[in-house]
Amino acid sequence: MTDAADVPASQDPALEREVERQCAVLLRGVVDCVSADDLRRRLRVALRDGRPLRVKLGFDPTSADLHLGHAVVLRKLRQFQDLGHHAVFIVGGATAMLGDPSGKDKTRPQLSREQVEANARTYLAQATKVVAAHERQLGGRAGELEIRNNADWFLGFGFADFIRLASKMTVARMVERDNFTQRMKDGQPIGIHEFLYPLLQGQDSVEVKADVELGGTDQLFNLLVGRDLQADAGQAPQVCLTTRVLPGLDGVQKMSKSLGNSIGLTFSADEVFGKVMSVPDALMEAYYTLLTDLDDPQWRGLASSDPREAKAALAARLADWLHGAPAGSEARTRFDRLFRDREVPVDVARVVLPRAEVPGGRLWIAELLCRLKFASSRSEARRLVLGGGVKLDGVVVADEKHEVVLERELLVQAGKRRFARVALSD
RNA sequence: GGGGAGAUACCCAAGCGGUCAAAGGGGACGGACUGUAAAUCCGUUGCCACUGGCUUCGCAGGUUCGAAUCCUGCUCUCCCCA
């Protein structure tokens with residue numbers, strides 16, 4: 001390893017300009033950088049010697065789905081790639097089974113080997129929507145993606161190795177972590193295994209010889225542990241960069257699938273567009289800063305003069321980003337028709353029910369709604385009807401006992417956004 | 001190891017022998033308003049073709065005409081002491 005600390009500021013102005021240019025890009029949306037000076041030194045060496053930085057980012061495959069919150073830090077990794085650096089993407093096959101306590105007010109469930117493996121697959125496919133998956137020629141340098149699974153080294157980790165690793169951390173340091181202090185105060189349980197998590201993540205940095213590690217702000221502690229372990233192993237301690245956490249649709253809590261306030265990377269263009277439109281206005285700054293490369297004045301003016309337009313532009317942009325160019329504007333057209341003009345969508349799904357299952361062509365309305373998956377139980381369907389949320393051929397039907405007559409095709413609407421055209425088979 | 005407290009519906013949280021399918025809040029859903037923003041207001045929020053029935057209050061038994069509420073055992077958690 002090159003000892004970056006020994007490299008003085010270069011006398012080469014072109015080199016210094018490039019270092020500053022890269023820093024400007026890399027520090028956008030960044031909260032903590034430990035340390036910025038160190039990052040500059042490393043960039044200087046990387047540029048001078050043509051040795052790209054090894055930039056580590058790890059996710060535990062605890063859920064099969066990534067969302068825009070993950071995309072923030074994935075974009076950061078992508079920015080490093082675009083500047084010619086080397087991305088090391090860690091799939092936390094081993095750590096997923098342990099459960100990261102970061103940013104959580106309770107213990108995470110531990111996953112089985114099978115779950116982890118299944119998640120890991122869908123996972124990479126999603127991550128590479130954001131991160132460049134292949135070698136790219138940019139700035140005369142290759143920004144590569146290296147994928148590693150930490151199960152590869154932890155499965156060969158012996159008992160003695162494990163105890164030695166555990167001895168590198170003190171209880172006092174673990175306990176002083178914000179969320180542990182909070183949990184103890186709240187009388188919440190903390191498993192001993194949760195103390196081990198940061199050590200394993202830190203060990204990953206040693207294994208892959210990371211120059212930089214990325215994470216959300218709730219990851220700062222874990223990232224810093226990596227520095228200690230690297231120093232202990234005789235490596236130069238990694239630079240730790242934390243990105244701002246993206247708030248979820250509720251505008252308060254961080255985006256998280258389990259909180260149900262997320263926009264998944266696999267969501268359809270219509271879903272992405274719609275969800276973004278429902279984000280509170282106050283979040284536009286965060287979303288534009290963290291999810292686009294646009295400069296401040298480019299969207300800020302629009303946001304103050306026409307907030308809806310600013311949001312729609314962002315929504316279209318994000319849909320394009322995840323689904324390719326025309327997807328955003330197409331989604332917008334459909335959205336405007338449905339929500340602004342209050343018209344029935346053009347492409348309503350057609351559902352054909354077997355005539356044999358509908359005696360006399362008549363069907364109880366609650367039963368119909370269940371068949372269409374517009375309600376999960378008949379009781380729920382009845383309530384929906386009673387609440388005036390159901391329209392048949394555009395007319396509200398509030399009678400819970402209504403018998404639907406299916407002579408010809410019928411347009412069924414539940415709430416504002418669920419539509420179906422129902423017909424009987426011949 | 002000793003002592004104390006607790007486990008209630010998606011979440012938080014009341015209930016402490018019948019009037020409890022279980023207060024209140026949050027969330028979610030539906031409606032009004034609207035820019036699927038914010039704010040506000042209203043309704044719904046276990047299942048079942050339902051003026052009735054069935055299953056829910058950590059798990060398993062028991063007492064009682066009757067239990068979320070009382071008793072016993074078990075599981076899990078928190079606190080204090082060692």
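Just so it is clear: chains get the letters A, B, ... in the order the sequence lines come, proteins before strands, and each one is counted from 1.
When distances are taken from the side chain of A:P189 to each of B:A49, B:U36, B:U77, the shortest belongs to B:U77. Minimum atom distance to the side chain of A:K311 is reached by B:G35, of the listed B:C48, B:G35, B:C50. In the set B:C50, B:G30, B:U36, the nucleotide with an atom closest to the side chain of A:L384 is B:G30.
Sequence order on RNA chain B of the closest nucleotides to A:M184 and A:K416 puts A:K416 first from the 5' end. Mapped onto RNA chain B by nearest heavy atom, A:L363 and A:M277 fall at different nucleotides, with A:M277 at the one closer to the 5' end.
Using a 4.0 Å heavy-atom distance criterion, A:G187 is classed as a sugar-phosphate-only contact.
In terms of polar N and O atoms assigned as donor or acceptor, the side chain of A:R383 never comes within less than 3.5 Å of the base of B:C29 in a complementary pairing. Applying the 3.5 Å distance criterion, the base of B:G35 shares a donor-acceptor pair with the side chain of A:D281.
A:D341 has no carboxylate O lying under 4.0 Å from a charged side-chain N of A:R337, or vice versa, which leaves the two without a salt bridge. The residues A:K254 and A:D218 are annotated as salt-bridged, a charged nitrogen and a carboxylate oxygen being separated by less than 4.0 angstrom.
Across all strands shown, B:A7 pairs with B:U75; the Watson-Crick or G-U wobble distances both stay below 3.5 Å.
By the neighbour-count criterion of 12 heavy atoms within 6.0 Å, atom CD of A:E343 is densely surrounded, having more than that number from other residues, nucleotides or ligands.
Using modelled atom types and a 3.5 Å distance limit, the side chains of A:Q201 and A:N150 yield no donor-acceptor pair.
Taking the C1' atom of each, B:C70 and B:C81 are spaced 31 Å apart, rounded to whole Å.
Contact between the side-chain N/O atoms of A:S379 and the OP1/OP2 oxygens of B:C50 is not found at any separation under 4.0 Å.
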